[in-house]
Structure formats: structure tokens, C-alpha cells
Engineer: 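Can you keep this structure in mind? I'll have questions shortly.
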Amino acid sequence: VQLQASGGGLVQAGGSLRLSCAASARTDQTYALGWYRQAPGKEREFVAAITWSGTRTDYADSVKGRFTISRDNAKNTVYLQMNSLKPEDTAIYYCAASYVVVTTTRGIKYWGKGTQVTVSS
């Protein structure tokens, strides 16, 4: 599976961005999709994930109420709508695929290249 993320950029605190991740997937396998982020000098951390059916989502406590993950299986694309952005959201954001929803980097089957999100104060 190849994952291609896009939509990052520079935004002021309180602003919004929408990340997209297009997946080239095997037709005989379904995947949960998620977003992780890594700030300079920090470990990569879980942000949000969604099941193949879209019926279950999980979020890190730090983004609950501000970020929304969704997916369009017809387009093999997962989205991350980020609202009320804070400077501490600044990081490289990675999309990831796994067989089931996971909230740690263990269990991730495929990683995409990241997209930079910078939030200025």
C-alpha cells in the first residue's frame, strides 16, 4: 500500500487546515487508516484513526474536539480536518495504514511520507 499525504502548510493559531491522504490499496484487503505526527526532538505520536467502515474513530486527548478524521473509500482517501490549531500542533503529519485501528506506532503496517504543518502564534 502506498500512502500520499497532502494539505500541510503554515497557518496562524486558531486557524484550520485539512489534510488528505490517498491510498493505493489491495482490493482483497481492508485497512484502518490513521494520522500520526512528529515534532522536532519528540517521538512520533498518535493523532487519530478510523476503521475501514468509518463507524469507529479514535483520537488523542490533545486533539479531541478540534480534529475530525473521515474517509471516502470510493476515493481511497482519508482526511483530517484540523480546527482551532495551536502552536503545539506544529509537526510533520504522517498517514498510516493498519489491519485494525491502533493508537500506537506498533501495529502500523504502512507509512506514508509526511506533510509539514506549522502553526504560528
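Every value quoted in this text rests on a predicted model; they were computed, and no experiment measured them.
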Engineer: Would you check if Val117 and Thr90 make a side-chain contact, meaning some heavy-atom pair closer than 4.5 Å?
Structural biologist: no

Engineer: Could you pull out the closest heavy-atom pair between Leu80 and Val47, with the gap in Å?
Structural biologist: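 Taking every non-hydrogen atom into account, CD2-CG1, 4.2 Å.
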
Engineer: Which pairs of donor and acceptor atoms, one on a side chain in residues 11-19, lie under 3.5 Å apart (sequence neighbours left out)?
Structural biologist:
{"from": "Ser16", "atom 1": "OG", "to": "Asn83", "atom 2": "OD1", "distance (Å)": "2.9"}

Engineer: Should Ile108 and Val102 count as side-chain neighbours, where that means a heavy-atom distance under 4.5 Å?
Structural biologist: yes

Engineer: Measure the shortest side-chain to side-chain distance between Tyr93 and Gln116 over non-hydrogen atoms and say whether it is less than 4.5 angstrom.
Structural biologist: no

Engineer: Sequence neighbours left out, what passes side chain to side chain donor-acceptor pair (under 3.5 Å) with Glu45? Give chain and number order.
Structural biologist: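 Expected list: Arg37.
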
Engineer: What's the separation between atom OG in Ser24 and atom OH in Tyr110, rounded to the nearest 0.5 Å?
Structural biologist: 9.5 Å

Engineer: Is Val1 reachable from Tyr99 through a run of I, L, V, M, F, W or Y residues, each pair having side-chain heavy atoms under 4.5 Å apart?
Structural biologist: yes

Engineer: Under 3.5 Å, side-chain donor or acceptor atoms of residues 63-71 against the rest of the protein: list the pairs with distances, not counting sequence neighbours.
Structural biologist:
{"from": "Lys64", "atom 1": "NZ", "to": "Asp61", "atom 2": "OD1", "distance (Å)": "3.2"}
{"from": "Arg66", "atom 1": "NH1", "to": "Ser84", "atom 2": "O", "distance (Å)": "3.0"}
{"from": "Arg66", "atom 1": "NH1", "to": "Asp89", "atom 2": "OD2", "distance (Å)": "2.8"}
{"from": "Arg66", "atom 1": "NH2", "to": "Ser62", "atom 2": "O", "distance (Å)": "2.9"}
{"from": "Arg66", "atom 1": "NH2", "to": "Asp89", "atom 2": "OD1", "distance (Å)": "3.0"}
{"from": "Arg66", "atom 1": "NH2", "to": "Asp89", "atom 2": "OD2", "distance (Å)": "3.4"}
{"from": "Arg71", "atom 1": "NE", "to": "Asn73", "atom 2": "OD1", "distance (Å)": "2.7"}
{"from": "Arg71", "atom 1": "NH1", "to": "Tyr31", "atom 2": "O", "distance (Å)": "2.9"}
{"from": "Arg71", "atom 1": "NH1", "to": "Thr51", "atom 2": "O", "distance (Å)": "2.9"}
{"from": "Arg71", "atom 1": "NH2", "to": "Tyr31", "atom 2": "O", "distance (Å)": "3.2"}
{"from": "Arg71", "atom 1": "NH2", "to": "Asn73", "atom 2": "OD1", "distance (Å)": "3.3"}

Engineer: List the residues meeting ring pair (Phe, Tyr, Trp, His ring centres under 6.0 Å) with Phe46, not counting sequence neighbours, and say none if there are none.
Structural biologist: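 Expected list: Tyr36.
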
Engineer: What distance separates Ser98 OG from Leu33 CG, expressed to the nearest 0.5 Å?
Structural biologist: 7.5 Å

Engineer: So, using side chain to side chain donor-acceptor pair (under 3.5 Å) as the criterion, who are the partners of Gln4 when residues are at least two apart?
Structural biologist: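 If we apply the side chain to side chain donor-acceptor pair (under 3.5 Å) test to Gln4, skipping adjacent residues, there are no hits.
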
Engineer: Provide the closest heavy-atom pair for Gly8 versus Thr115 in the form atom of the first, atom of the second, distance.
Structural biologist: N-OG1, 3.2 Å

Engineer: Quick one: closest heavy-atom pair of Ala97 and Leu3, and the distance?
Structural biologist: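 That closest heavy-atom pairing would be N-CD1, 3.8 Å.
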
Engineer: side-chain contact (heavy atoms from CB on, under 4.5 Å) with Ser6: which residues, sequence neighbours excluded?
Structural biologist: Ser20

Engineer: Answer yes or no: is there a side-chain heavy-atom contact under 4.5 Å between Tyr79 and Lys75?
Structural biologist: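 Heavy-atom side-chain distance check passes, below 4.5 Å.
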
Engineer: At what distance, to the nearest 0.5 angstrom, does SG of Cys21 lie from OH of Tyr94?
Structural biologist: 13.0 Å

Engineer: Calculate, to the nearest 0.5 Å, the distance between atoms CZ and OG1 belonging to Arg44 and Thr104 respectively.
Structural biologist: 12.5 Å

